[in-house]
Protein chains: 2
Amino acid sequence: MNLPPLNLTEEWLDRLQASGYRLTQPLRRIVELLVASPRALGPIEIYDLVRVHYPNLGLVTVYRTLEKLEALGLVQRVHQEDGCHRYLRATQGHQHLLICTRCGRATYFAGDDLSRLIRHTEEETGYLVQDHWLQLYGLCPACRQ
Amino acid sequence: MNLPPLNLTEEWLDRLQASGYRLTQPLRRIVELLVASPRALGPIEIYDLVRVHYPNLGLVTVYRTLEKLEALGLVQRVHQEDGCHRYLRATQGHQHLLICTRCGRATYFAGDDLSRLIRHTEEETGYLVQDHWLQLYGLCPACRQ
DNA sequence: GATTGACTTGAAAATGATTTTCATTTATAA
DNA sequence: TTATAAATGAAAATCATTTTCAAGTCAATC
């Protein structure tokens with residue numbers, strides 16, 4: 001019988017272990033950081049933040065860990081204007097991102113109403129729409145003030 | 001008195017000249033290609049396609065020309081999954097992109113109904129939404145068959 | 001608790017896209 | 001036709017990401 005994980009970090013580590021990965025120090029540090037971050041982080045940012053308390057970390061390990069976490073659907077890539085990527089804890093189900101342009105805070109929202117727009121567009125263009133990519137930008141409640 | 005441009009290529013070249021740029025051979029070739037392309041092209045693609053008839057072209061010139069065209073709002077960056085960019089003739093006003101996953105054909109559509117979704121999301125999250133980024137993927141009429 | 005072997009790691013080098021530098025070429029105004 | 005400032009192409013520099021490989025570490029087994 002499986003007891004529920006104490007918190008999200010434990011849950012991620014359980015998932016990783018269940019998938020055959022070893023729970024190493026670098027992995028644990030990176031997971032802790034990503035679970036706790038309210039905004040998407042880039043590889044270099046993760047590298048710098050983890051090295052504050054774990055100076056031996058290599059940048060390559062950051063990339064390799066992000067690859068694992070993305071493969072398990074635990075983190076999601078967030079596209080940047082400049083082509084680089086940042087990484088954010090993923091959400092369950094199909095949700096979209098709302099990103100604060102001031103502090104970077106990322107919030108998921110449902111956005112079901114997109115189906116109407118998609119139907120309209122199919123009629124208008126003759127395309128068969130199979131997938132979509134939506135991201136909203138603005139000010140989070142804290143930054144509005 | 002200004003006569004209307006004969007075609008889109010002339011229009012782009014007029015805009016470039018009016019902005020103080022010189023109308024060089026490399027520039028003309030790249031503009032002709034982008035005006036005629038139904039799908040977004042990457043720098044290397046442009047480089048290869050133009051060199052078929054203008055072998056002296058340098059890749060650097062492609063990047064510099066794209067920069068000018070983007071600054072004038074004549075082309076638009078299209079983000080790729082891998083972080084690279086492609087470039088597509090821009091549209092007038094605020095429209096979104098619909099891209100064929102098979103042949104790459106890009107079509108613009110209005111998508112005004114997004115305002116409802118944005119209002120909902122603002123109420124739901126407390127954010128002030130200022131901007132958005134929407135792209136649809138699917139099969140174009142020709143590729144559906 | 002010690003041992004073993006495979007998975008992970010970190011450093012350095014490789015890669016690929018993009019940018020910068022600079023001497024040469026070229027468009028355009030005089 | 002000439003002068004000159006802008007644009008070009010080649011090579012080198014930069015930056016993000018990936019690959020290579022020897023050394024280190026986790027976790028199963030003794």
Side-chain angles (χ1 to χ4, degrees), chain A residues 10 12-33 40-72 74-75 77-87, chain B residues 9-10 12-34 40-72 74-75 77-87:
Chain A
E10 292 303 321
W12 284 29
L13 294 176
D14 287 352
R15 287 278 310 277
L16 285 158
Q17 194 162 46
S19 302
Y21 295 117
R22 291 185 180 174
L23 302 187
T24 64
Q25 278 302 309
L27 180 81
R28 287 172 192 275
R29 310 282 182 146
I30 294 169
V31 164
E32 278 166 16
L33 178 64
L41 300 173
I44 309 278
E45 271 180 298
I46 296 170
Y47 179 57
D48 289 338
L49 287 168
V50 170
R51 271 190 310 162
V52 171
H53 294 108
Y54 187 77
N56 269 23
L57 181 71
L59 180 55
V60 196
T61 301
V62 175
Y63 278 100
R64 283 188 285 224
T65 303
L66 288 171
E67 205 176 333
K68 292 172 191 171
L69 294 175
E70 199 190 4
L72 291 183
L74 296 172
V75 300
R77 278 188 177 191
V78 178
H79 298 258
Q80 298 294 126
E81 192 55 41
D82 63 3
C84 298
H85 295 118
R86 293 193 182 162
Y87 294 81
Chain B
T9 299
E10 292 303 320
W12 285 28
L13 294 175
D14 287 352
R15 287 280 308 278
L16 285 158
Q17 194 163 46
S19 301
Y21 296 117
R22 292 184 180 176
L23 304 186
T24 65
Q25 278 303 309
L27 179 82
R28 287 172 191 274
R29 310 280 182 148
I30 294 170
V31 164
E32 279 165 15
L33 177 64
L34 280 166
L41 300 173
I44 307 277
E45 272 179 297
I46 296 169
Y47 179 56
D48 289 336
L49 287 168
V50 169
R51 271 189 311 162
V52 171
H53 294 110
Y54 187 78
N56 269 24
L57 181 71
L59 181 55
V60 197
T61 302
V62 174
Y63 279 99
R64 283 188 285 224
T65 303
L66 288 171
E67 205 176 333
K68 292 173 191 170
L69 295 174
E70 199 190 4
L72 292 183
L74 297 172
V75 301
R77 277 188 177 192
V78 179
H79 299 257
Q80 297 295 126
E81 192 55 41
D82 64 2
C84 298
H85 295 119
R86 294 193 183 162
Y87 294 81

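To find a chain, count down the sequence lines: A is the first, B the second, and so on, and within it residues start at 1.
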### Task
Classify the nucleic acid contact of B:Gln17 as base, sugar-phosphate or nothing, counting any heavy atom under 4.0 Å across all strands shown.
sugar-phosphate
### Full working for side chain to side chain contact (heavy atoms under 4.5 Å, CB included) between B:Leu57 and B:Ile46
CA-CA 10 Å; B:Leu57 181 71; B:Ile46 296 169; 5.5 Å; no
### Message
Main chain of A:Glu70, side chain of A:Arg77: is a donor-acceptor contact present, judged purely on distance under 3.5 Å?
### Response
no
#### Entry: Distance test, side-chain N/O of A:Gln25 to OP1/OP2 of D:dC26, below 4.0 Å
no
### Task
Nearest-nucleotide wise, let me know which of B:Arg22 and B:Pro43 is further upstream toward the 5' end of DNA chain C.
B:Pro43
### Query
side chain to side chain contact (heavy atoms under 4.5 Å, CB included) between A:Val62 and A:Tyr87: does it pass, once the steps are laid out?
CA-CA 11 Å; A:Val62 175; A:Tyr87 294 81; over 6 Å; no
### Query
Do A:Leu72 and A:Ser19 have side-chain heavy atoms sitting under 4.5 Å apart?
yes
### Query
When we call it a touch if two heavy atoms are under 4.0 Å apart, what does A:Leu57 touch: a base, just sugar-phosphate, or nothing?
sugar-phosphate
### Message
Between A:Glu67 and A:Tyr63, does the side chain to side chain contact (heavy atoms under 4.5 Å, CB included) criterion hold? Intermediate values first, please.
### Response
CA-CA 6 Å; A:Glu67 205 176 333; A:Tyr63 278 100; 5.8 Å; no
### Task
May I have the distance from A:Arg86 (atom CZ) to D:dA16 (atom C1'), rounded to whole angstrom?
14 Å
### Atom pair distance, as rounded to whole Å: CZ in B:Arg51 and C1' in D:dA10
13 Å
### Query
Could you give the CG-to-C1' distance, from A:Leu23 to D:dT25, as a whole number of Å?
13 Å
### Message
Closer than 3.5 angstrom, by distance alone: can the side chain of A:Arg29 be matched with the main-chain N or O of A:Tyr54 as a donor-acceptor pair?
### Response
no
### Message
If I take atom CG in residue B:Leu16 and atom P in nucleotide D:dA7, what distance separates them, rounded to the nearest angstrom?
### Response
10 Å
### Message
Evaluate A:Leu16 against A:Val31 for side chain to side chain contact (heavy atoms under 4.5 Å, CB included), listing each step before the verdict.
### Response
CA-CA 10 Å; A:Leu16 285 158; A:Val31 164; 4.0 Å; yes
### Query
For A:Tyr47, which contact category applies under a 4.0 Å heavy-atom criterion: base, sugar-phosphate, or nothing?
nothing
### Reported CG-to-CZ distance for the pair B:Leu23 and B:Arg28, which is rounded to 0.5 angstrom
5.0 Å
### Contact residues, residues 61-72 of chain B to DNA chain D [heavy atom, < 4.0 Å]
B:Thr61, B:Arg64, B:Lys68
#### Entry: Nucleotide D:dT18, atom P - distance to CG of A:Leu59 in whole Å
10 Å
### Query
Under a 4.5 Å cut-off applied to non-hydrogen side-chain atoms, are A:Leu66 and A:Pro43 in contact?
yes
### Query
Taking for each residue the nucleotide of DNA chain C bearing the nearest heavy atom, is the 5' side occupied by A:Gly20 or by B:Arg28?
A:Gly20
### Message
Could you tell me the boundaries of the chain A footprint on DNA chain C, defined by atoms under 4.0 Å from its heavy atoms?
### Response
C:dG5 to C:dA12
